[in-house]
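Below is one structure; the comments refer to it alone.
Everything quoted here is computed from the prediction, not taken from an experiment.
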Amino acid sequence: MNKKSLYILIMVISLLSYGWLFFIISGKPTNGSLFTVCFFKSVTSVPCPACGTTRSVVTLLEGNVNNAIMINPFGILAIVLLITLPPWVMYDLIKRRESFYRFYKRAELFVQQKYVASALIMVVIANWVWNIMKEI
């Protein structure tokens with residue numbers, strides 16, 4: 001992926017994510033309770049590995065780290081990315097640098113290594129099994 005496309009993608013996903021969080025936190029969905037928008041869960045009645053990530057992020061924003069991790073540890077990753085990526089991309093755009101893009105390319109090469117990719121896949125599968133066992 002080229003730099004321009006990556007930066008646009010990061011900013012669009014970030015804006016959509018911030019909008020979604022605002023929508024959820026404002027209590028508009030169903031009087032403050034969270035509802036599922038997971039297509040996979042809607043079709044199969046089985047949670048996907050990411051099910052609960054929004055609730056995890058909201059719980060983390062409320063200051064309850066333990067519950068956020070119990071709901072879905074991917075929420076921690078999501079909030080870290082939402083906090084760090086947009087400012088990093090904006091910094092690069094303002095300063096006309098490529099620090100995030102260079103990081104992305106190095107990370108892409110790292111993740112493509114067989115053992116790293118296998119380990120990450122195992123983490124996702126473990127989280128998926130855990131979500132199923134918790135019956136999210």
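Among residues two or more places apart in sequence or in another chain, the ring-ring contact (aromatic ring centres under 6.0 Å, His included) test is passed with Phe40 by Trp128. In this view, Ile8 and Lys4, Val12 satisfy the side chain to side chain contact (heavy atoms under 4.5 Å, CB included) rule, not counting sequence neighbours.
Ile10 and Tyr18 are assigned to two separate hydrophobic clusters, defined by single-linkage of ILVMFWY side chains at heavy-atom distances under 4.5 Å. Both Leu82 and Ile25 belong to a single network of hydrophobic side chains, linked directly or stepwise wherever heavy atoms of I, L, V, M, F, W or Y lie under 4.5 Å apart. When hydrophobic clusters are built by joining Ile, Leu, Val, Met, Phe, Trp and Tyr residues whose side-chain heavy atoms come closer than 4.5 Å, directly or via intermediates, Ile79 is not grouped with Leu15. Clustering ILVMFWY residues whenever any of their side-chain heavy atoms sit less than 4.5 angstrom apart, transitively, puts Leu77 in a cluster other than the one holding Val124. Cluster membership for Ile83 and Leu81, using ILVMFWY side-chain heavy atoms within less than 4.5 angstrom, is not shared.
Val116 places a side-chain heavy atom less than 4.5 Å from the side chain of Leu120. When side chains are defined from C-beta on, Val57 does not count as touching Ile24, because their heavy atoms never get closer than 4.5 Å. The closest side-chain heavy-atom distance from Tyr7 to Met90 is not below 4.5 Å. Side-chain contact between Leu9 and Met1: present, with at least one pair of heavy atoms (C-beta onward) separated by less than 4.5 Å.
Residue pairs satisfying the side-chain hydrogen bond (donor to acceptor under 3.5 Å, both in side chains) criterion with at least one member in residues 74-90, sequence neighbours excluded, are listed as follows: Trp88-Ser99.
To the nearest 0.5 Å, atom CE of residue Met11 and atom CG of residue Leu93 are 7.5 Å apart. The OG1 atom of Thr59 lies 11.5 Å from the CD1 atom of Ile69; values are rounded to the nearest 0.5 Å. Note that the CG atom of Leu16 and the CG atom of Leu21 stand 11.0 Å from one another [nearest 0.5 Å]. How far OG1 of Thr54 is from CZ of Phe23: 11.5 Å, rounded to the nearest 0.5 Å. Separating the OG1 atom in Thr53 from the CG atom in Asn72 is a distance of 4.0 Å, to the nearest 0.5 Å. Distance check, rounded to the nearest 0.5 Å: CG of Leu6 to CD of Glu98 gives 11.0 Å.
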Audit row: Val123, Phe74, side chain to side chain contact (heavy atoms under 4.5 Å, CB included) steps and yes/no:
CA-CA 10 Å; Val123 167; Phe74 289 168; 4.3 Å; yes

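Of the possible polar contacts, none joining the Asn131 side chain to the Pro47 backbone as a donor-acceptor pair under 3.5 Å is found. Ser56 places no side-chain N or O within 3.5 Å of a backbone atom of Gly52 that could act as its donor or acceptor partner.
Minimum interatomic distance between Phe100 and Leu85 (heavy atoms only, all atoms of both residues): CE1-CD2, 3.3 Å. Taking both residues in full, the closest heavy atoms of Cys48 and Cys38 are given as SG-SG, 3.6 Å, listed atom of the first, atom of the second, then distance.
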